Amino acid sequence: ADGNGRLHKKEFGLACQTGVTCDIPCIGVAKNLYQMDGCLRDEEHKSSIDNLKTSGESFKIRNVNDVVIGCALRTTAKSTKPVYVSEGHRVSLDTACDVVMKCSKYRVPEPVRLADIISREALRQLEMKD
(Lines give C-alpha, C1' and ligand atoms only; values in the text may rest on other atoms or scores of the structure.)
Protein backbone atom coordinates (compact mmCIF):
# COMPACT_ATOMS: atom_id res chain seq x y z
CA ALA A 1 0.00 0.00 0.00
CA ASP A 2 1.17 3.55 -0.69
CA GLY A 3 1.14 4.45 2.99
CA ASN A 4 2.21 3.20 6.38
CA GLY A 5 1.35 0.06 8.27
CA ARG A 6 2.63 -0.11 11.84
CA LEU A 7 4.80 2.97 11.22
CA HIS A 8 1.92 5.16 12.36
CA LYS A 9 1.01 7.00 15.57
CA LYS A 10 -1.70 4.41 16.27
CA GLU A 11 0.46 1.60 14.82
CA PHE A 12 -2.40 0.93 12.41
CA GLY A 13 -2.03 2.87 9.19
CA LEU A 14 -3.47 2.44 5.69
CA ALA A 15 -1.62 -0.81 4.98
CA CYS A 16 -3.00 -2.38 8.16
CA GLN A 17 -6.53 -1.17 7.44
CA THR A 18 -6.40 -2.40 3.84
CA GLY A 19 -5.00 -5.79 4.82
CA VAL A 20 -7.49 -6.39 7.61
CA THR A 21 -10.50 -5.14 5.63
CA CYS A 22 -9.66 -7.19 2.53
CA ASP A 23 -8.15 -10.10 4.50
CA ILE A 24 -4.98 -10.02 2.40
CA PRO A 25 -1.28 -9.71 3.20
CA CYS A 26 -0.28 -6.06 2.93
CA ILE A 27 2.94 -4.04 3.19
CA GLY A 28 3.22 -0.36 4.04
CA VAL A 29 5.55 1.66 1.81
CA ALA A 30 5.83 5.40 2.36
CA LYS A 31 7.97 7.87 0.43
CA ASN A 32 8.35 10.15 3.45
CA LEU A 33 8.78 9.57 7.16
CA TYR A 34 5.58 9.81 9.17
CA GLN A 35 6.74 11.99 12.05
CA MET A 36 5.38 11.33 15.53
CA ASP A 37 6.59 11.09 19.12
CA GLY A 38 9.94 9.33 19.12
CA CYS A 39 10.13 9.26 15.33
CA LEU A 40 11.39 12.54 13.89
CA ARG A 41 13.31 13.65 10.84
CA ASP A 42 16.04 15.07 13.06
CA GLU A 43 19.84 15.16 12.67
CA GLU A 44 20.20 11.61 14.00
CA HIS A 45 17.69 10.36 11.43
CA LYS A 46 19.41 12.28 8.61
CA SER A 47 22.78 10.86 9.69
CA SER A 48 21.36 7.33 9.61
CA ILE A 49 20.10 7.95 6.07
CA ASP A 50 23.56 9.20 5.04
CA ASN A 51 25.00 5.90 6.32
CA LEU A 52 22.86 3.86 3.90
CA LYS A 53 25.51 3.36 1.22
CA THR A 54 24.25 0.46 -0.92
CA SER A 55 20.92 -0.92 -2.04
CA GLY A 56 19.31 -3.19 0.52
CA GLU A 57 20.77 -1.38 3.52
CA SER A 58 18.27 -0.26 6.14
CA PHE A 59 17.86 0.90 9.69
CA LYS A 60 15.05 0.16 12.10
CA ILE A 61 12.59 2.81 13.22
CA ARG A 62 11.32 2.55 16.77
CA ASN A 63 8.45 4.12 18.66
CA VAL A 64 8.73 5.91 22.02
CA ASN A 65 8.60 2.51 23.77
CA ASP A 66 11.63 1.34 21.73
CA VAL A 67 9.51 -1.14 19.74
CA VAL A 68 10.47 -1.58 16.08
CA ILE A 69 7.58 -0.31 13.92
CA GLY A 70 9.29 -0.06 10.54
CA CYS A 71 12.51 0.65 8.74
CA ALA A 72 14.11 3.05 6.32
CA LEU A 73 15.27 1.04 3.29
CA ARG A 74 17.56 2.09 0.45
CA THR A 75 16.09 0.29 -2.53
CA THR A 76 18.56 1.16 -5.30
CA ALA A 77 22.17 2.23 -5.61
CA LYS A 78 21.14 5.45 -7.37
CA SER A 79 18.55 6.56 -4.81
CA THR A 80 19.72 8.77 -1.98
CA LYS A 81 16.39 8.83 -0.16
CA PRO A 82 15.04 5.66 1.46
CA VAL A 83 11.47 4.42 1.43
CA TYR A 84 9.81 3.65 4.74
CA VAL A 85 8.62 0.06 5.03
CA SER A 86 6.33 -1.32 7.71
CA GLU A 87 4.20 -4.34 8.44
CA GLY A 88 0.66 -4.01 7.20
CA HIS A 89 -1.14 -7.32 7.71
CA ARG A 90 0.09 -10.93 7.79
CA VAL A 91 3.63 -9.96 6.67
CA SER A 92 6.71 -9.63 8.90
CA LEU A 93 8.98 -6.60 8.57
CA ASP A 94 11.82 -8.75 7.19
CA THR A 95 9.53 -10.26 4.56
CA ALA A 96 8.13 -6.82 3.74
CA CYS A 97 11.66 -5.50 3.11
CA ASP A 98 12.50 -8.52 0.93
CA VAL A 99 9.37 -8.02 -1.18
CA VAL A 100 10.00 -4.29 -1.53
CA MET A 101 13.57 -4.94 -2.68
CA LYS A 102 12.42 -7.49 -5.26
CA CYS A 103 9.82 -5.04 -6.61
CA SER A 104 12.13 -2.01 -6.82
CA LYS A 105 13.62 -1.12 -10.15
CA TYR A 106 13.60 2.52 -9.02
CA ARG A 107 13.43 4.03 -5.53
CA VAL A 108 9.70 3.35 -5.13
CA PRO A 109 8.53 -0.26 -5.65
CA GLU A 110 6.86 -0.84 -9.02
CA PRO A 111 3.28 -1.47 -7.75
CA VAL A 112 3.27 1.86 -5.89
CA ARG A 113 5.13 3.72 -8.65
CA LEU A 114 2.75 2.49 -11.35
CA ALA A 115 -0.32 3.26 -9.23
CA ASP A 116 1.00 6.83 -8.79
CA ILE A 117 1.59 7.22 -12.53
CA ILE A 118 -1.80 5.80 -13.53
CA SER A 119 -3.76 7.79 -10.93
CA ARG A 120 -2.05 11.07 -11.87
CA GLU A 121 -2.82 10.46 -15.54
CA ALA A 122 -6.46 9.73 -14.69
CA LEU A 123 -6.67 13.00 -12.75
CA ARG A 124 -5.13 14.92 -15.67
CA GLN A 125 -7.72 13.40 -18.01
CA LEU A 126 -10.56 14.40 -15.68
CA GLU A 127 -9.22 17.95 -15.40
CA MET A 128 -9.01 18.25 -19.19
CA LYS A 129 -12.73 17.39 -19.47
CA ASP A 130 -13.73 20.33 -17.27
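What's counted below: heavy atoms across the whole structure, side chains too, no hydrogens, waters or symmetry copies. Predicted, not measured: the structure shown is a model, and the values here were computed from it.
- Between atom CG of residue Asp50 and atom OG1 of residue Thr80 there is a gap of 9.0 Å, rounded to the nearest 0.5 Å.
- A salt bridge is defined here as a Lys NZ or Arg NE, NH1 or NH2 lying under 4.0 Å from an Asp or Glu carboxylate O, and Asp116 with Lys31 meets this definition.
- In this structure, Gln125 places its CD atom where more than 12 heavy-atom neighbours from other residues, nucleotides or ligands lie under 6.0 Å away.
- Counting non-hydrogen atoms of other residues, nucleotides and ligands closer than 6.0 Å to CZ of Arg124 gives a total above 12.
- To the nearest 0.5 Å, the span separating CG on Leu14 from CG on Asp2 amounts to 8.0 Å.
- Under the 4.5 Å side-chain criterion, counting only non-hydrogen atoms from C-beta, Cys71 is in contact with Leu93.
- In plain terms, the two heavy atoms of Gly5 and Cys16 that are nearest each other are C-SG, 3.5 Å.
- Within the 4.5 Å cutoff, the side chain of Leu33 has no heavy atoms near those of the Pro82 side chain.
- Ring-plane geometry between His8 and Tyr34 is classed as parallel, the angle between the planes falling under 30 degrees on a 0 to 90 degree scale with a further cut at 60.
- With hydrogens and angles ignored, the 3.5 Å screen pairs no side-chain donor or acceptor of Thr21 with any backbone N or O of Thr18.
- A distance of 7.5 Å separates OG in Ser55 from CZ in Arg74, rounded to the nearest 0.5 Å.
- The environment of Asp42 atom CG is dense: over 12 non-hydrogen atoms of other residues, nucleotides or ligands sit within 6.0 angstrom.
- At least one side-chain heavy atom of Phe59 sits under 4.5 Å from a side-chain heavy atom of Ile49.
- Contact check for Pro111 versus Cys103: side-chain heavy atoms found under the 4.5 Å cut-off.
- A side-chain donor-acceptor contact under 3.5 Å links Gln35 to the backbone of Arg41.
- At least one side-chain heavy atom of Val100 sits under 4.5 Å from a side-chain heavy atom of Val29.
- Between the Asn51 side chain and the Ser47 main chain, a donor and an acceptor come within less than 3.5 Å of each other.
- Counting only heavy atoms from C-beta outward, the side chains of Met101 and Leu73 approach each other to under 4.5 Å.
- Between Ile117 and Arg113, some side-chain heavy-atom pair lies under the 4.5 Å cut-off.
- Considering CG of Leu7 and SG of Cys39, their distance stands at 5.5 Å, rounded to 0.5 Å.
- Salt bridge present: Arg6 and Glu11 bring a charged side-chain N and a carboxylate O closer than 4.0 Å.
- Going from atom CG of Leu126 over to atom CD of Glu121 covers 10.0 Å, rounded to the nearest 0.5 Å.
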Practice problem: Show your reasoning for whether side chain to side chain contact (heavy atoms under 4.5 Å, CB included) applies to Thr75 and Tyr106. | Solution: CA-CA 7 Å; Thr75 52; Tyr106 303 102; over 6 Å; no

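- With a 4.5 Å cut-off on side-chain heavy atoms, Val83 and Arg107 count as touching.
- Interatomic distance, CG of Asn63 versus CD1 of Ile61, reported as 11.0 Å (0.5 Å rounding).
- Val68 is connected to Val85 through a chain of hydrophobic side-chain contacts under 4.5 Å among Ile, Leu, Val, Met, Phe, Trp and Tyr, so both are in one cluster.
- Put simply, Tyr84 and Ile69 are part of the same group of oily side chains (I, L, V, M, F, W, Y) that touch within less than 4.5 Å, one to the next.
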